[in-house]
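So that the names make sense, note that chain A is the first sequence line, chain B the second, and so on, each numbered from 1.
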Amino acid sequence: MNSKDIRIVFMGTPEFAVGSLKALVEGGYNVVGVVTMPDKPAGRGHKIQYSAVKQYALEKGLKLMQPEKLKDEAFINELKALNADLQIVVAFRMLPEIVWSMPPMGTFNLHGSLLPQYRGAAPINWAIINGDKETGVTTFMLKHEIDTGNIILQEKTPIAPEDNIGTVYDRLMEIGARLVTKTVDLIAEGNVKTLPQESSEELRPAPKIFKETCRLDFSKKAEQLHNLVRGLSPYPAAWLELENESGERRNLKVYETEAEVVSHQEKPGTIISDGKKTLKVACADGYLKLKSVQLSGKRRMTVQEMLCGMKIEAEKIVL
RNA sequence: CGCGGGGUGGAGCAGUGGUAGCUCGCCAGGCUCAUAACCUGGAGGUCAGUGGUUCGAUCCCAUUCCCCGCAA
């Protein structure tokens, strides 16, 4: 079967999924339907926001579905009516079996990690947070347990010391898009060899990231803190809480840092600053030097800029 | 109509009902073996837009635009 004849239904929500959808559309594949999250009020002022995938689908005039519940009968019927041969899921949500088992060629998922490592919602972030030197993308067939299906294709990419979630995310989106079309081609040929997920290493999970996950804990080591910052920058960003002499507290998001490993006698969380150009915070085995930050209510700026308008000696970090 | 903070010389901030100041940067000069050092002098602002209150508003009120935090 020619891969361009396969009737494909695509499911996804954020920017990451758009990369793959775009590759399919521009590659001339037959995308007969797109499923994405319902519109919801989001952001400041609670304006209705369209998902990145919806915006792209509208641009291209693709058939769009936004079910509230994936088990909803009307949605299932609508999906069936599309008569898809294959379903592709990228950064969407857990699918009920009735959905992923529907098309004759099955349903495959693009995941932002080298499975079986980093199963879960935030694989890219966790690879960086844990200080990994490489990560990648994987396509696999869906089955009951989430992110455990047999692997179709996998591609690696190194994580450079200067990488952060923004840069790696973009790279994986590109690589992932290529992998998706390649996977479709393979499936079209009809002789896909899949490999069960196996690893001798200890499996690291990639749970959803909550605000507390992003808080800088200065009892940790400099390198760990630095990796946390990288793994969360630019979004959702690591943060700490400042308190001034009046007892007012403000959050400070931290985007760029440097780890400085050196023995010292300072208490973790102590601010070391010349008041003009540099600001570092004592941690377990050295200092975390802050370079790019954002004070709540202000825009993102360099530490030097922030120090120009702030009496840093009157501030302390809430631990 | 979810809650809240903010828009002041190039940058970050302070401030007052009688037209503004700090830190940094910039320009010129000086000092120094030397410095992200120091000293002296200087340029640079219609204090976001609009309307109103007032003898007078950057500061009070209303409204618009923009930025940011929380919450989703």
Side-chain angles (χ1 to χ4, degrees), chain A residues 11-18 35-55 66-70 72 91-94 120-122 124-125 164-166 169 206-217 228-229 231-260 262 269 271-282 286-319:
Chain A
M11 307 188 186
T13 301
E15 192 67 32
F16 191 78
V18 175
V35 183
T36 193
M37 290 282 280
D39 302 337
K40 54 178 181 179
R44 217 169 288 134
H46 271 193
K47 289 173 192 146
I48 294 288
Q49 295 264 304
Y50 292 174
S51 75
V53 163
K54 172 164 179 177
Q55 287 176 30
Q66 298 179 274
E68 201 64 56
K69 285 183 156 191
L70 294 174
D72 182 75
F92 193 46
R93 50 203 258 201
M94 249 178 113
I124 313 176
N125 298 279
N164 60 30
I165 183 62
Y169 184 99
K208 193 174 167 182
I209 288 174
F210 297 97
K211 189 167 182 194
E212 268 314 302
T213 317
C214 306
R215 186 173 190 140
L216 289 164
D217 172 3
L228 182 70
V229 170
L232 298 172
S233 175
Y235 181 83
W239 59 281
L240 55 83
E241 200 175 9
L242 285 176
E243 183 176 302
N244 64 16
E245 285 169 324
S246 324
E248 289 161 349
R249 292 182 173 194
R250 284 181 295 182
N251 284 357
L252 184 73
K253 286 188 176 181
V254 182
Y255 293 97
E256 272 179 58
T257 55
E258 258 173 41
E260 195 178 313
V262 58
I271 296 172
I272 312 287
S273 174
D274 63 1
K276 289 184 179 177
K277 307 243 177 194
T278 64
L279 171 58
K280 54 188 185 178
V281 182
Y287 300 98
L288 185 69
K289 186 173 175 187
L290 275 41
K291 299 178 75 176
S292 175
V293 298
Q294 179 172 31
L295 202 53
S296 96
K298 301 299 177 187
R299 65 186 68 212
R300 180 174 168 178
M301 62 182 82
T302 64
V303 161
Q304 184 176 339
E305 287 172 320
M306 183 185 77
L307 290 174
C308 282
M310 174 190 246
K311 285 184 196 158
I312 191 68
E313 61 275 12
E315 305 278 342
K316 64 180 181 184
I317 293 175
V318 180
L319 297 174

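Legend: residues meeting side-chain contact (heavy atoms from CB on, under 4.5 Å) with A:Ala52, ordered by chain and number and at least two apart, are A:Glu15, A:Val18. Remark: A:Gln55 engages no residue in a side chain to side chain donor-acceptor pair (under 3.5 Å) (not counting sequence neighbours). In terms of the ring-ring contact (aromatic ring centres under 6.0 Å, His included) criterion, residue partners of A:Tyr169 (sequence neighbours excluded) are, by chain and number, A:Phe16. Residues passing the side-chain contact (heavy atoms from CB on, under 4.5 Å) test with A:Glu68 are A:Pro38, sequence neighbours excluded. Every residue two or more places apart in sequence or in another chain that forms a side-chain contact (heavy atoms from CB on, under 4.5 Å) with A:Pro234 is listed here: A:Asn164, A:Ile165, A:Tyr255, A:Arg300. Partners of A:Lys289 according to the salt bridge (charged side-chain N to carboxylate O under 4.0 Å, His left out) rule, which considers only residues two or more places apart in sequence or in another chain, do not exist here.
Spacing of C1' atoms, B:U54 relative to B:U64, comes out at 23 Å, to the nearest Å. Across the C1' atoms, B:G17 and B:G69 are found 31 Å apart, a figure rounded to whole Å. Going from the C1' atom of B:G5 to that of B:U46 covers 27 Å, rounded to whole Å. A distance of about 33 Å separates the P atoms of B:G2 and B:U58, rounded to the whole Å. If you take atom P in B:A57 and the same atom in B:G18, they sit 12 Å apart, rounded to whole Å. Atom name P, nucleotides B:A20 and B:A43: the rounded distance is 15 Å, in whole Å. Taking the P atom of each, B:C22 and B:U16 are spaced 16 Å apart, rounded to whole Å. Between the C1' atoms of B:C13 and B:C47, the separation comes to 13 Å (whole Å).
Nucleotide B:G2 forms a Watson-Crick or G-U wobble pair with B:C70, both donor-acceptor distances falling under 3.5 Å. A 3.5 Å limit on both hydrogen-bonding distances identifies B:U40 as the Watson-Crick or G-U partner of B:A28. Pairing for B:G21 goes to B:C13, judged as Watson-Crick or G-U wobble with the two contacts each under 3.5 Å. Checking B:A57 for Watson-Crick or G-U wobble geometry (two distances, each under 3.5 Å) identifies no partner in any strand. Both distances falling under 3.5 Å, in either a Watson-Crick or a G-U wobble arrangement, occur for no nucleotide opposite B:U46.
Although no hydrogens or angles enter the test, the distance criterion places a donor-acceptor pair under 3.5 Å between the side chain of A:Trp239 and the main chain of A:Lys211. When atom types are taken as modelled, the side chain of A:Thr36 and the backbone of A:Gln66 share no donor-acceptor pair closer than 3.5 angstrom.
With a cutoff of under 4.0 Å to any heavy atom of chain A, the contacted region of RNA chain B is bounded 5' to 3' by B:G2 to B:A72.
Of the residues near RNA chain B, A:Lys276 and A:Gln294, the one whose nearest nucleotide (by heavy atom distance) lies more toward the 5' end is A:Lys276. The 5' end of RNA chain B is approached more closely, in terms of each residue's nearest nucleotide, by A:Gly275 than by the other of A:Gly275 and A:Thr278.
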Donor-acceptor list for residues 301-319 of chain A side chains, cut-off 3.5 Å, not counting sequence neighbours:
from, atom 1, to, atom 2, distance (Å)
A:Thr302, OG1, A:Glu305, N, 3.2
A:Thr302, OG1, A:Glu305, OE1, 3.3
A:Glu305, OE1, A:Thr302, N, 2.9
A:Glu315, OE2, A:Arg250, NH2, 3.4

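Within 4.0 Å (heavy atoms only), A:Lys40 reaches no atom of the nucleic acid at all.
The shortest non-hydrogen separation linking A:Ala122 to A:Pro207 is CB-O, 3.7 Å.
Annotation: proximity of residues 311-319 of chain A to RNA chain B (heavy atom, distance under 4.0 Å) is found for no residue.
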